[in-house]
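Order of the sequence lines sets the chain letters (A, B, ...), proteins ahead of strands, with each chain counted from 1.
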There are 2 protein chains.
Amino acid sequence: MKKISGKTISRALLYIRTLEALIKEKRFMVSSGELARLTGVSDVQIRKDISKFGRVGTPRIGYKTVDLKNVLEDFVLQKDAIRLAVFGVGNLGTAIMKYPGFRREKLKIVAAFDKAKEKIGRSIDGVRIYPVEKGPAVIKKRRVDLGIIAVPEECSQEVADLMVLSGLKGIINFSPVAISAPKKVAIRDIDLSIEFLSLYCETRR
Amino acid sequence: MKKISGKTISRALLYIRTLEALIKEKRFMVSSGELARLTGVSDVQIRKDISKFGRVGTPRIGYKTVDLKNVLEDFVLQKDAIRLAVFGVGNLGTAIMKYPGFRREKLKIVAAFDKAKEKIGRSIDGVRIYPVEKGPAVIKKRRVDLGIIAVPEECSQEVADLMVLSGLKGIINFSPVAISAPKKVAIRDIDLSIEFLSLYCETRR
DNA sequence: GACTGTGAATAAGTTCACAGCT
DNA sequence: AGCTGTGAACTTATTCACAGTC
């Protein structure tokens, strides 16, 4: 499989989502220009990205929405659903569990974990909350793919260690501290404060 | 003012946060190597970044934590607090309003907006919820710097238009669709599904 | 004429290698 | 010796310019 950068993959996922919306409204053809308008990515960038996955468009006409979607999906997503586990069922953890966007995409929350006794055993939208110590067992049993850190920062490294121990291959870290893990484990940091602050800086230039 | 890239700014904000923690524990000196360990950024990258802001370290010794913090802050953040308004007080909007990380940083939520009658007039953590139509007036009156879109995707463009109209210079968009705005308005998209999906792809390579 | 696909040019970002300081 | 600071090399990402197709 050809080497494709993370940025291209992210954009491909965006194209897939957009194509799905087009297909739903029975649109069969689309041009890179229109995709550009819908996604905010430049048309050249879109053609460059697509060309990495194969030659799938027809000059003068554009792309068949269904074909393009299939080609992109073959490269980036073959699985039925990606199974997620949330650690920390506070405000952010709960919001993630209820995030409506996941339903449409192939993302499924299959377990949640918390330390607070009063939360354990309860369910949110049908997803059971387990004590953190049950992590490794539940993660294996429920075949979790990715773990989400939504705990207070004091605990995030500890939770990350538990995730690594449980064999998770990817971690999304919403806590505002760096976590360390063996480099075979992929980590994505989403640091809300930094996003806000840097956007603000951008407005002052 | 010298041109400094968005990536460098984001990292500078991370250094500032880390320096604040060090200062709080009475650490007066720090090396690029230690900052690297604490932030996850490489030491060379850190020195390169810092060098863009001035010559502030001493060879053989390292950086004075307080001085370095001041130098970085001079470039990226002079304001007292950045004032935010949240549009959409659902699960995500509420989680953002309660996000504890903002308290430490210079980020302050000063207003919230929603369409649902039953939410209007209520407060969350002392922040009043207004009807969306009051947007322009409240944004001006409360001197809001940045707007946050946490509404269902059908409404996000409409809300974005309202923000632009109200004179906001920056928008953080949590909805999974592209929004358009005059290019003088800075936009940051945070698309949770794409983050999760792309992380998953990364684990499969 | 209106699209795709792509080599070439350009720009942005990161790492290397090492000079220079104390 | 042990650190900073930085030009140079390298790598990655984006845009340009245009050939090719229907």
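Residues that satisfy the salt bridge (Lys or Arg N to Asp or Glu O under 4.0 Å) test with A:E133, not counting sequence neighbours, are absent from this structure. Applying the salt bridge (Lys or Arg N to Asp or Glu O under 4.0 Å) criterion to B:K115, with sequence neighbours excluded, gives B:E158. A:R47 pairs by the salt bridge (Lys or Arg N to Asp or Glu O under 4.0 Å) definition with A:D43, not counting sequence neighbours.
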Between the protein and nucleotides 7-13 of chain D, list every N/O to N/O distance that falls short of 3.5 Å.
| residue | atom | partner | partner atom | Å |
| --- | --- | --- | --- | --- |
| D:dG7 | N7 | B:K48 | NZ | 3.4 |
| D:dG7 | O6 | B:K48 | NZ | 3.0 |

Please write out each protein N/O paired with an N/O of nucleotides 1-4 of chain D under 3.5 Å, distance rounded to 0.1 Å.
| residue | atom | partner | partner atom | Å |
| --- | --- | --- | --- | --- |
| D:dG2 | N2 | B:R60 | N | 3.4 |
| D:dC3 | O2 | B:R60 | N | 3.1 |
| D:dT4 | OP1 | B:S32 | N | 2.7 |
| D:dT4 | OP2 | B:S32 | OG | 2.6 |

Atom pairs and distances, side-chain donor-acceptor, residues 8-16 of chain A, under 3.5 Å, sequence neighbours left out:
| residue | atom | partner | partner atom | Å |
| --- | --- | --- | --- | --- |
| A:T8 | OG1 | A:S5 | OG | 3.2 |
| A:T8 | OG1 | A:D49 | OD1 | 3.4 |
| A:S10 | OG | A:G6 | O | 3.3 |
| A:R11 | NE | A:D49 | OD2 | 2.7 |
| A:R11 | NH2 | A:D49 | OD1 | 3.0 |
| A:R11 | NH2 | A:D49 | OD2 | 3.4 |
| A:Y15 | OH | A:D49 | OD2 | 2.6 |

Taking distance alone, no hydrogens or angles, what donor-acceptor pairs closer than 3.5 Å link side-chain atoms of residues 21-29 of chain A to residues at least two apart or in another chain?
| residue | atom | partner | partner atom | Å |
| --- | --- | --- | --- | --- |
| A:R27 | NH1 | A:E34 | OE2 | 3.2 |
| A:R27 | NH2 | A:M29 | O | 3.0 |
| A:R27 | NH2 | A:E34 | OE1 | 2.9 |

Anything under 3.5 Å between a donor and an acceptor, one on a side chain of residues 164-182 of chain A, the other on a protein residue two or more places apart or in another chain? List them.
| residue | atom | partner | partner atom | Å |
| --- | --- | --- | --- | --- |
| A:S166 | OG | A:L162 | O | 2.6 |
| A:K169 | NZ | A:G167 | O | 3.2 |
| A:N173 | OD1 | A:S175 | N | 2.9 |
| A:N173 | OD1 | A:S175 | OG | 2.8 |
| A:N173 | ND2 | A:S175 | O | 3.4 |
| A:N173 | ND2 | A:V177 | O | 3.0 |
| A:N173 | ND2 | A:D189 | OD1 | 2.9 |
| A:S175 | OG | A:S156 | OG | 3.1 |

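Atom CG in A:D49 sits about 13 Å away from atom C1' in D:dT15, given to the nearest Å. Counting to the nearest Å, the C1' atom of D:dT14 and the CD1 atom of A:I46 are 13 Å from each other. When rounded to the nearest whole Å, the span between CG of A:D67 and P of C:dT4 equals 14 Å. The distance from atom NZ of B:K52 to atom P of C:dA12 is 12 Å, rounded to the nearest whole Å.
A ring-ring contact (aromatic ring centres under 6.0 Å, His included) check over residues 79-113 of chain B, counting only residues at least two apart or in different chains, returns the pairs A:F196-B:F102, B:F87-B:F113, B:Y99-B:F102, B:F113-B:Y130. Evaluation of the side-chain hydrogen bond (donor to acceptor under 3.5 Å, both in side chains) test over residues 59-68 of chain A, restricted to residues two or more places apart or in two chains, returns none. Sequence neighbours left out, the pairs with a member in residues 144-155 of chain A that pass side-chain hydrogen bond (donor to acceptor under 3.5 Å, both in side chains) are A:K79-A:D145, A:E153-B:R104.
A close approach under 4.0 Å does occur between a side-chain nitrogen or oxygen of B:S42 and OP1 or OP2 of C:dT15.
Shown for residues 187-203 of chain A: no residue has heavy atoms falling under 4.0 angstrom of DNA chain D.
Side-chain contact between A:D125 and A:I109 is absent, with no heavy atoms from C-beta onward closer than 4.5 Å.
B:K98 contributes atom NZ, which lies 13.0 Å from atom CG of A:L92 (distance to the nearest 0.5 angstrom).
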